[in-house]
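None of these values were measured; they are calculated from a predicted model. Numbers restart at 1 for each chain; the letters A, B, ... are given by sequence-line order, proteins then strands. Worth knowing before you read on, the calculation uses all heavy atoms, side chains too, and leaves out hydrogens, waters and symmetry mates.
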Amino acid sequence: MPEIAGPQELRYIQAVNAALRWALETHPEALIFGEDVALPGGPFGATKGLHDAFGGRVFDTPISEAAIIGAALGAGMRGRRPIIEIMYGDFMAVAMDQIVNQVANTRYVSRGTWSAPITIRTQQGYSPGACAQHSQSLEAWYGHIPGLRVGIPASPRDAYEILRSAIASEDPTLVIESRLLYPDTGPVTLGGPVEPIGGARVVRPGSDVTLVSWSRLVTESIRAAEAAAAEGHSVEVIDLRWLSPLDFATVAESVHRTGRLVIAHEANLTGGFGAEIAARAARECFWDLDAPIERIGAPDIPIPAAPSLQAAAIPDATSILGAIGNVLDGPARRDRPASPAGPRLGQDAARSLDA
Amino acid sequence: MPEIAGPQELRYIQAVNAALRWALETHPEALIFGEDVALPGGPFGATKGLHDAFGGRVFDTPISEAAIIGAALGAGMRGRRPIIEIMYGDFMAVAMDQIVNQVANTRYVSRGTWSAPITIRTQQGYSPGACAQHSQSLEAWYGHIPGLRVGIPASPRDAYEILRSAIASEDPTLVIESRLLYPDTGPVTLGGPVEPIGGARVVRPGSDVTLVSWSRLVTESIRAAEAAAAEGHSVEVIDLRWLSPLDFATVAESVHRTGRLVIAHEANLTGGFGAEIAARAARECFWDLDAPIERIGAPDIPIPAAPSLQAAAIPDATSILGAIGNVLDGPARRDRPASPAGPRLGQDAARSLDA
Amino acid sequence: MSRGAIRRRHPGAVVSLEENYRAIALIRAFEDRCSELKAAGEIPGSIHLCNGQEAIPVGACRALESRDALTATYRGHGWAIARGIPLVDLFAELLARDSVLCGGRAGSPYFSSAAHGFLGENSIVGGGVPMAAGAALASLHDGRGAVSLVSIGDGALNQGAVHEALNFAAVYSLPLVIVVENNVYSEMTPIDAMVRIKPLSRRADAYGIPGLTVDGNDADTVTDAVGAAVVRARQGGGPTLIEALTERLVGHYSGDLQHYRPAGELASAREREPLVRLRHAAVARGQDSTYRLDEIDREVAELVDMSLASARTISYPDARTVADHVYA
Amino acid sequence: MSRGAIRRRHPGAVVSLEENYRAIALIRAFEDRCSELKAAGEIPGSIHLCNGQEAIPVGACRALESRDALTATYRGHGWAIARGIPLVDLFAELLARDSVLCGGRAGSPYFSSAAHGFLGENSIVGGGVPMAAGAALASLHDGRGAVSLVSIGDGALNQGAVHEALNFAAVYSLPLVIVVENNVYSEMTPIDAMVRIKPLSRRADAYGIPGLTVDGNDADTVTDAVGAAVVRARQGGGPTLIEALTERLVGHYSGDLQHYRPAGELASAREREPLVRLRHAAVARGQDSTYRLDEIDREVAELVDMSLASARTISYPDARTVADHVYA
Ligand SMILES: Cc1ncc(C[n+]2csc(CCOP(=O)(O)OP(=O)(O)O)c2C)c(N)n1
Ligand SMILES: Cc1ncc(C[n+]2csc(CCOP(=O)(O)OP(=O)(O)O)c2C)c(N)n1
Ligand SMILES: [Mg+2]
Ligand SMILES: [Mg+2]
């Protein structure tokens, strides 16, 4: 196990690579496989150098996602600790059966006599010019699957720590990375004790509004919070970090202090995981809330490839700032007539994007 | 087109069969295919007699869900109007790519130059002794997919009307039936004009609490409402009927009158579509709400096969009644200490099941 | 291993007619009892019996060692029994009791037994093949030399996941043996109408692995075929696909009226089924031999009775444990 | 159809060297221009060029009629051009403009053209094959006698959905032609390492359909193979799988450094590629012939210039239309 050194600046993708290297060094039963992960070093370089260093424990696979995930499951049930890569989150759709009907049931249905200590890495989100089949944010699907753990790192540090926690976990864990964050750098302390899975983090303290976000939108949320601060509003930004286990206590504690809640994610608004956070708050934090809960997400459309259209679809600091404005002038809403058609929140989000 | 006769008592499954027969009679471009749907007449009898009556327009397929859905898409793009059956909702998981990455994108990505007027029928839910791979309620996944329409009938009448609306629609529509409701009977008027897609329905008027539900739990909700009435509480039960288009206006109007909202579904609580309803209410109905929003769903566990365990996992009138009680004594919650661990709602639901 | 367990057949060793009869009769008796229990409402949910197909698990499990991995389908009672899972535990699981297998959480179509290297049944057609390939992958890396055997039905060959897993296993020469139980039907549809090839073992060539078709109603034939495949797999020779021809003597599931089966098909199938064959062979050997089989029938019935009786003494799972075991 | 369109080759009719050269050179020039536009930042997102593989779409589309359906992959520029989609519309779509194709919603890897019976590219490996089978199914029921042709890569043969769709098409003898463009690599991994068979057309036998492997760098050879398959399909003979051997002269996608390709591989590939071959043939015929090809190069370059120029005059899609076309 590598010594604990001081923090160093690493790219998000380098942090992933470091965690994978750590896994192969510290867990002899660890295996890494996926498409183009061995000789080519991974489509995004996450597995760079690992095949050279660890040989057959890191190998390339056919373009067969169901086989990749199922093979990880069977190997995990039989003593290995597979860490697999699904190149894009969109491709998980060809293998959802292996996730929901196979992997996730392993422990429960066997009364705990079988377990599947496997880690599934993927990445998601839009990028300029990417098509609808390479741009989705489907974390809500996984947050709805009991038996599965789901981590979603927003920084190089968490790309390292959350992945290590996932690998060390005895439960099947999905780690959803962000392609657009791969080049971003940040401080990472290599080695050291592995954190238990779970736990949200207050990444910017505040007192007027609680802003919950995850993955790439945490950065946008912080930018929005800074802009709000310039206008004299103190926004507390919480990085959810894990959808399962879900640390709602940290959210509730914050809302108890702020009385206002905004949730922001890149996924399509309707049915996004933001709805779960809002629904819990509407029950657990009801008496603390001074304003309606606002959600920001992509409108309910497939993600278009053209940047001019993406600009109107992908939430950012501006749209989040609009939602912060809405919760701050809450009471004003009282005399706002209820929209006759039952407003499509996705469109609301799109509208506030023009703000 | 068959004449409009008075309503007749039909089983839910017979209503499905009648709608399919209507489709083949009125739409020469309609095709029906799926596993065991032709010669055997369908695993549940939904397609009984149709192959005899319409020959090759109704045919059996290999056990290849991705091919079935994709073939429906291609045939739909080229002028046919396929109506396909996926035997259990759980099996959709082997073909989610065809739904989310293929079918749902057709119109949008082609700027409306291609369309996919296809209908996908499936059924879901638990049944006594059914295993975790045959018991899921995954409607939340589909409610999160732009480009897809989703209907979820709770009665024989809607099994007929919603399916006809889906078949007549020019957009790809998923109709999620309920296996446990198949034997239930109710009045159905055959023929007549086809309803446009969408629209929730108040199935039991009330003034104290709004109870939103869908599919099989509508019956349980009505039972709970009757029990509440016996205690002097007037509960309005809304059958959501469609997740997309979502008729939130009907919910909002009701909450405006009642000030209290309970949502009940059979799906696992966390990430269930009930979260979307609660989240919209927490924004659109915030100033109307007098009590925290309660959700009832299965706890966050795979559904066990043993009836003694299912009894503790599957929501019913009793658990719904418990939630109604909670929203009615809302203010009392003020002095309830916030649960330290951030209560897992699924467990709350499970707990209230013991009520 | 329980009295129900199969003795491994060592290379060359001969299995007596009686031994084959006992192993098959035990599964048959278990399945027949399940039909009664289902009819009586003691088993919740639908069950998928293997009447007529018993020689396949019996013959195949004889070629396996305890270190090997086994994966089956919802039609897996016979595999579990041949693997040596005690009947009492199986009855308990099927009766939705708090069994040592899965405590009633799995039921008839989805149980497993870690203690027996039985990765489990699977109620998703073909869903277990990737998992079985993974068990073979583990063996490649832990050097324990275990082989992974997976049973699927004829119709499962048309599932995408099966295709992916077979190619995956071929590419790394994984120690995997795929047994395709071709029982003529996929649920209610004849497999002949759903593929354009015959025999189904031709599919093996698409992966560059050996494929063969054997008489699945003769346990020794199955043992020979599976045994050879297991040896090849252990020596690094990679996967083998074995199509075992057989016939269902009962419905696809409890309550299947089988109106889709042509007249006379079942009657003639009953002449070809494993137990009847062994009976004929015994008759040819003379009275002593047939008496012996009658005796075995009694012993087997007794074992089934005893097992069911003790299974019935096991309590139902406690509702308060419903949320246990979801996570570590 | 635009000047870029392919003339259909009628049975027996001969395609001149010049005609083949023009069709291939046009695609090559388009792709090369795309590389420049990508490098210049004018095309957002990644692009997957078909340099070296052009003879396949050129040869295949000659065997199709306008009533036929065509489905391709993200590596589909060549198919679109061979099908006759105007270059200006393609450039506009790639430049994320409000093109008549998809108005910038699709981009380089996922566009379609209803006007050309082009069901579209697909950015899910193998994801378009079930759809193509569906187009063939429609033809079976509308009696229009249309054939459906789908192009996939070598690596796509290991996707479950492709397996399911091929068997599905075989079972109903659907008029489907599957062209597998074997360009040696699946993204950055050699296909030889990911299957245990050679040639890949052996996979056809698993579905009971004809399979053949042809030289994909000769347009006429491709036309002959596809033409025969199309005739068979129209006559109710069912699907055919055609493996066309070729080589990528560029990276898998823009920005692929190709460090995984052995030294010398690209150099030798450049000797075998379609344009160079036709050049050699022309040289053998003498100067007039080579002059003619130079002329074609100029004409083609001009067409590309003009098309790009007018594409650049098309505006970007209006943000206010972002939520249009989600539903009818
Ligand atoms: C992915 C999937 N599709 C459909 C089903 C429904 N189903 C259960 S068994 C069965 C037939 C399987 O036939 P075969 O593979 O021949 O096995 P057999 O039942 O004959 O043993 C089907 C279609 C399923 N369980 N999973
Ligand atoms: C289901 C799925 N898995 C993985 C990918 C990522 N991917 C895109 S292209 C490609 C390689 C495909 O190789 P091949 O089929 O040979 O086509 P080629 O790119 O060589 O034309 C991969 C793995 C994808 N798009 N879809
Ligand atoms: Mg079968
Ligand atoms: Mg390739």
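Proximity to chain C (any heavy atom under 4.5 Å) is shown, for A/Ser115, by neither the backbone nor the side chain. Looking at C/Ser113, the atoms closer than 4.5 Å to chain A (heavy atoms on both sides) all sit in the backbone: N, CA, C or O. Of the two parts of C/Ala69, the backbone and the side chain both hold a non-hydrogen atom closer than 4.5 Å to a non-hydrogen atom of chain A. When heavy atoms are compared at a cutoff of 4.5 Å, C/Leu101 approaches chain A solely by way of its backbone atoms N, CA, C and O. Interface residue A/Leu31: only side-chain heavy atoms are found under 4.5 Å from chain C. With a 4.5 angstrom heavy-atom cutoff, C/Asp324 touches chain A only via backbone atoms. Contact of C/Val171 with chain A is made through the side chain alone, with heavy-atom distances under 4.5 Å. The contact between C/Asn167 and chain A is made entirely by side chain atoms (from C-beta outward), counting heavy-atom distances below 4.5 Å. For a residue to count as touching a neighbouring chain, one of its non-hydrogen atoms must lie under 4.5 Å from one of that chain's; by this rule C/Ser99 touches chain A with the backbone only.
Here the side chains of A/Arg80 and C/Leu137 are not in contact, with every heavy-atom distance at 4.5 Å or above. Side-chain contact between A/Phe33 and C/Phe168 is present, with heavy atoms from C-beta onward closer than 4.5 Å. Counting heavy atoms from C-beta on, the side chains of A/Pro245 and C/Tyr327 never come closer than 4.5 Å.
Of all heavy-atom pairs spanning C/Arg67 and A/Arg78, the tightest one is O-NH2, 2.7 Å. Taking all atoms of both residues into account, the shortest heavy-atom contact from C/Pro130 to A/Ala67 is CB-CA, 4.2 Å.
At a heavy-atom separation below 4.5 angstrom, chain C is approached by no residue within residues 45-55 of chain A. Of all residues in residues 83-106 of chain A, those placing a non-hydrogen atom less than 4.5 angstrom from a non-hydrogen atom of chain C are A/Asp97, A/Gln98, A/Asn101, A/Gln102, A/Asn105.
In terms of modelled atom types and a separation under 3.5 Å, the side chain of A/Arg111 and the main chain of C/Val100 share a donor-acceptor contact. A distance-only check finds no donor-acceptor pair linking the side chain of C/Arg105 to the backbone of A/Ser110 [under 3.5 Å].
Of the residues considered (A/Ser169, A/Pro62, A/Gly112, A/Gly147), A/Gly147 shows the highest number of contacts with chain C, using heavy-atom pairs under 4.5 Å. Ranked by heavy-atom pairs shorter than 4.5 Å toward chain A, the options C/Ser139, C/Ala114, C/Ala115 are led by C/Ala114. Interface check for chain A: of the options C/Gly127, C/Gly103, C/Ser112, the most heavy-atom pairs under 4.5 Å are formed by C/Gly127. When each of C/Met131, C/Arg144, C/Glu164 is scored by its heavy-atom pairs under 4.5 Å with chain A, the top score falls to C/Glu164. Contact count against chain C (heavy-atom pairs under 4.5 Å) is highest for A/Leu148 among A/Ile69, A/Ile63, A/Leu148.
Residues meeting the side-chain contact (heavy atoms from CB on, under 4.5 Å) test with C/Ala328, sequence neighbours left out: A/Arg107, A/Glu170, A/Asp171. Looking at residues two or more places apart in sequence or on another chain, you find a side-chain hydrogen bond (donor to acceptor under 3.5 Å, both in side chains) between C/His77 and C/Glu31, C/Ser108.
By the 30° and 60° cut-offs, the orientation of the rings of A/Phe59 relative to C/Tyr172 is perpendicular.
Atoms NE2 and OG1, from C/His116 and A/Thr113 in turn, are 11.5 Å apart once rounded to the nearest 0.5 Å.
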